[in-house]
J.: 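Structure in structure tokens, see below.
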Amino acid sequence: MNNDINEIRKEIDKIDESIVSLLGERQDLVKKIGKIKKSLNLASENKAREKKILDRLKQRARKLNLDETFIGKVYEIILNNSKKVQNEK
């Protein structure tokens, strides 16, 4: 029984590592977008795009039987961090 828990935890750990790696890749792309926006004098914040992202991901969450409020909150944090990264010099 304990061995089963440990094996499942190892799988969760692998998923957590993947999530962090993907967030790192996402941040690299956000930095590239930030540079382009700065060169074009565009604002880092795009409310329409953020709404589109949140709506799309909440819909995906529903399809996967995930709590869409939870996914929304997670992505609000991710999007806020993205704006912060884009505004860094």
J.: Kindly compute the distance separating OG (S82) from CG (L23), expressed to the nearest 0.5 Å.
T.: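 Going from OG on S82 over to CG on L23, the span is 9.0 Å.
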
J.: To the nearest 0.5 angstrom, please state how far the CD1 atom of I12 sits from the CG atom of D16.
T.: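 One finds 7.5 Å between CD1 of I12 and CG of D16.
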
J.: Would you compute the distance between atom OG of S44 and atom CD1 of I33 and round it to the nearest 0.5 angstrom?
T.: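 Going from OG on S44 over to CD1 on I33, the span is 11.5 Å.
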
J.: Can L40 be reached from V30 by stepping across I, L, V, M, F, W or Y side chains whose heavy atoms are under 4.5 Å apart?
T.: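 The answer is no; the residues belong to distinct hydrophobic clusters.
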
J.: Under 3.5 Å, which donor-acceptor pairs do the side chains of residues 48-63 form with other protein atoms, sequence neighbours left out?
T.:
from : atom 1 : to  : atom 2 : distance (Å)
E50  : OE1    : K83 : NZ     : 3.4
E50  : OE2    : K83 : NZ     : 3.2
K51  : NZ     : D55 : OD2    : 2.7
R62  : NH1    : E68 : OE1    : 3.1
R62  : NH1    : E68 : OE2    : 2.9

J.: Using the rule that Ile, Leu, Val, Met, Phe, Trp and Tyr join whenever any side-chain heavy atoms are under 4.5 Å apart, tell me whether V74 and I19 fall into a single cluster.
T.: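 As far as the 4.5 Å side-chain criterion goes, I19 and V74 are connected within one cluster.
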
J.: Using side chain to side chain contact (heavy atoms under 4.5 Å, CB included), reason through D28 and K32 one step at a time and then give a plain yes or no.
T.: CA-CA 7 Å; D28 290 343; K32 288 179 183 180; 5.6 Å; no

J.: Are I77 and V85 connected in a single hydrophobic cluster, I mean Ile/Leu/Val/Met/Phe/Trp/Tyr linked by side-chain heavy atoms less than 4.5 Å apart?
T.: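 They do not share one cluster, since no chain of ILVMFWY contacts under 4.5 Å joins V85 to I77.
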
J.: So does E7 pair up with K10, basic N to acidic O under 4.0 Å?
T.: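 Salt bridge between E7 and K10, a charged N being under 4.0 Å from a carboxylate O: yes.
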
J.: Starting from the C-alpha separation in whole Å, work towards a yes-or-no answer on side chain to side chain contact (heavy atoms under 4.5 Å, CB included) for L22 and E25.
T.: CA-CA 5 Å; L22 290 169; E25 288 178 37; 4.2 Å; yes

J.: Give, for atom CG of L79 and atom NZ of K47, the distance between the pair rounded to the nearest 0.5 Å.
T.: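 If I round to the nearest 0.5 Å, the distance is 10.0 Å.
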
J.: Please report the interatomic distance CG(D67) to OG1(T69), rounded to the nearest 0.5 Å.
T.: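 It comes to 5.0 Å.
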
J.: Would you say K37 and Q86 are linked by a side-chain donor-acceptor pair, where the criterion is simply a distance under 3.5 Å?
T.: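 A pair is found: one side chain offers a donor N or O, the other an acceptor, under 3.5 Å apart.
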
J.: Of the non-hydrogen atoms in Q27 and N81, which two are nearest, and what is the gap between them?
T.: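 Heavy atoms of Q27 and N81 come nearest at OE1-ND2, 3.6 Å.
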
J.: Drop me the distance from E45's CD to N80's CG, to the nearest 0.5 angstrom.
T.: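 Here the interatomic distance stands at 8.0 Å.
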
J.: Hey, quick one: are I78 and L64 part of the same hydrophobic cluster, counting side-chain heavy atoms closer than 4.5 Å, chains of contacts allowed?
T.: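 Yes; tracing contacts between hydrophobic side chains, which count when under 4.5 Å, links both residues.
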
